[in-house]
Amino acid sequence: MRQRHKPWADDFLAEHQQLIIPNPAELKGKWQSLFGNANPIHIEIGTGKGQFLVGMGKQYPDVNFIGIELAKSVIVTAGQKILDSELSNIRLLHINAIDIRDIFADHEIAMIYLNFSDPWPKNRHEKRRLTYARFLDQYQHILEPSGHITLKTDNQGLFEYSLVSFSQFGLKLEEANVDLHALQDPTNVMTEYEEKFSSKGQRIYRCRARFPKE
Ligand code: SAM
């Protein structure tokens with residue numbers, strides 16, 4: 001994601017702490033109370049500029065959404081978009097998801113979205129991929145027993161890697177689609193990257209998997 005220096009970003013983060021939650025580990029196990037309801041919580045890791053979250057927040061008002069994004073200059077754009085939407089079922093976390101178990105309690109999350117995650121194509125960077133085993137181990141803990149991971153990407157290498165990683169970890173594949181837009185799924189909410197790549201004629205891959213019930 002292209003990052004521009006935004007001198008107003010620190011002020012924005014300080015002024016919108018109800019939206020971009022500081023010290024999120026303090027809310028571990030209590031996220032529903034932050035939303036003031038018992039609706040399921042879905043998270044997107046690597047939210048970017050927030051188009052997917054706003055689209056999903058509108059489409060599913062009975063779901064609470066949390067977007068996680070490590071780049072400050074990007075998350076403030078997402079924050080502004082969410083404020084403009086006036087939706088109350090979305091929050092953001094300005095953190096690296098590497099230790100996501102510190103943020104969410106076991107079984108606190110119903111769905112994880114990984115949209116156009118950085119592919120890290122070099123073998124020596126495998127551990128940074130969001131579908132590497134160390135991440136899957138953490139997702140297994142924070143997800144409800146029936147919870148899912150949904151991944152979309154334009155990157156065939158990351159898609160194939162993720163399918164293998166899911167399978168080696170014992171996840172059950174519920175969908176694997178190598179040309180999502182050919183489906184014309186009316187419920188699909190496009191991300192910024194999805195719009196950009198599909199407008200250039202690139203294929204979009206999607207898969208959905210769940211951990212076996214304990
Ligand atoms: N999901 C958006 C989309 O589809 O338009 C953005 C995709 S962009 C390629 C990937 C984003 O993930 C970047 O904004 C990057 O900063 C963020 N990211 C990568 N690794 C992350 C991590 N470990 N924790 C939080 N965010 C991460």
Side-chain angles (χ1 to χ4, degrees), residues 1-6 9 12-13 19-25 28 41-59 65-82 85 90-104 109 111-122 124-139 141-142 149-159 161-162 165 177 180-181 185 187-200 202-208:
M1 168 106 1
R2 192 160 169 209
Q3 295 176 34
R4 289 199 176 88
H5 177 62
K6 294 187 181 139
F12 188 91
L13 291 178
L19 173 63
I20 306 176
I21 310 297
N23 307 316
K28 182 175 178 174
I41 300 174
H42 294 191
I43 63 174
E44 184 190 21
I45 304 177
T47 281
K49 294 180 182 167
Q51 177 170 310
F52 177 79
L53 277 185
V54 169
M56 293 294 279
K58 273 188 197 145
Q59 192 162 300
F65 291 93
I66 299 176
I68 298 174
E69 172 55 56
L70 59 80
K72 193 197 308 183
S73 64
V74 175
I75 200 169
V76 291
T77 301
Q80 190 57 59
K81 211 171 272 170
I82 294 162
S85 76
I90 308 176
R91 299 290 187 281
L92 294 172
L93 308 183
H94 176 219
I95 56 165
N96 188 328
I98 189 117
D99 291 316
I100 201 163
R101 276 192 81 187
D102 293 346
I103 308 298
F104 300 110
I109 301 303
M111 176 77 91
I112 296 174
Y113 298 99
L114 303 174
N115 290 324
F116 299 82
S117 307
D118 297 327
W120 296 109
K122 293 187 176 140
R124 69 172 189 275
H125 292 146
E126 180 190 5
K127 291 181 180 174
R128 299 184 191 179
R129 298 177 196 149
L130 293 179
T131 49
Y132 178 64
R134 183 184 185 279
F135 281 101
L136 298 184
D137 181 51
Q138 297 197 67
Y139 303 158
H141 281 90
I142 66 172
I149 302 174
T150 299
L151 174 143
K152 289 199 281 186
T153 183
D154 63 303
N155 188 291
Q156 187 180 354
L158 180 69
F159 186 69
Y161 170 84
S162 301
S165 188
N177 194 306
L180 173 61
H181 290 187
D185 175 357
T187 66
N188 182 48
V189 173
M190 289 225 263
T191 79
E192 276 97 355
Y193 269 61
E194 185 170 356
E195 274 190 2
K196 187 170 87 179
F197 291 128
S198 60
S199 72
K200 289 181 187 162
Q202 280 178 242
R203 263 182 209 220
I204 306 299
Y205 300 82
R206 181 173 74 186
C207 64
R208 182 177 141 107

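Each ligand, and each atom within it, is numbered from 1 in the order the structure gives.
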Handout entry: Location of contacts on E44 toward ligand 1, heavy atoms closer than 4.0 Å
Key = side chain

Practice task
Answer yes if the side chains of N115 and E194 hold a donor-acceptor pair under 3.5 Å, and no otherwise.
Solution key: no

Practice task
Examine E69 against ligand 1 and note whether any of their N/O atoms are separated by less than 3.5 Å.
Solution key: yes

Fill in the blank from the handout: For I95, the atoms of ligand 1 under 4.0 Å from one of its heavy atoms are 24 (N), 25 (C)

Problem - S85 side chain vs I82 backbone, donor-acceptor pair below 3.5 Å - result: yes

Handout entry: K152 side-chain N/O to I204 backbone N/O, donor-acceptor pair under 3.5 Å
Key = no

Handout entry: Non-neighbouring partners of T150 that pass side chain to side chain contact (heavy atoms under 4.5 Å, CB included), sequence neighbours left out
Key = M111, Y113, R206, R208

Practice task
Any salt bridge (Lys or Arg N to Asp or Glu O under 4.0 Å) involving residues 128-139? Give me the pairs, sequence neighbours left out, ordered by first then second residue.
Solution key: D99-R134

Problem - Nitrogen or oxygen of G46 less than 3.5 angstrom from that of ligand 1 - result: yes

Practice task
Calculate, to the nearest 0.5 Å, the distance between atoms NZ and CD1 belonging to K6 and I75 respectively.
Solution key: 11.0 Å

Handout entry: Heavy-atom nearest neighbour of atom 8 (S) of ligand 1 within options F135, W120, F116
Key = F116

Handout entry: Any N or O of L130 closer than 3.5 Å to N or O of ligand 1
Key = no

Problem - Proximal ligand 1 atoms for A97, defined as those under 4.0 Å from one of its heavy atoms - result: 22 (C), 23 (N), 24 (N), 25 (C)

Handout entry: Distance-only N or O hit between ligand 1 and E194, under 3.5 Å
Key = no

Exercise for the section: For T191, take its heavy atoms, then give the atoms of ligand 1 lying under 4.0 Å from any of them. Expected result: 3 (C), 4 (O), 5 (O)

Problem - Straight-line distance of I100 CD1 to I95 CD1, nearest 0.5 Å - result: 6.0 Å

Exercise for the section: For N96, counting its heavy atoms only, list the atoms of ligand 1 lying under 4.0 Å from any of them. Expected result: 22 (C), 23 (N), 24 (N)

Handout entry: K49 touching ligand 1 at heavy-atom level, < 4.0 angstrom
Key = no

Completion exercise
ligand 1 atoms nearer than 4.0 angstrom to some heavy atom of E192 are 5 (O)

Practice task
Report yes or no: is the cationic atom of K196 (NZ for Lys, CZ for Arg) closer than 6.0 Å to the six-membered ring centre of Y193, at no more than 45° off its axis?
Solution key: yes

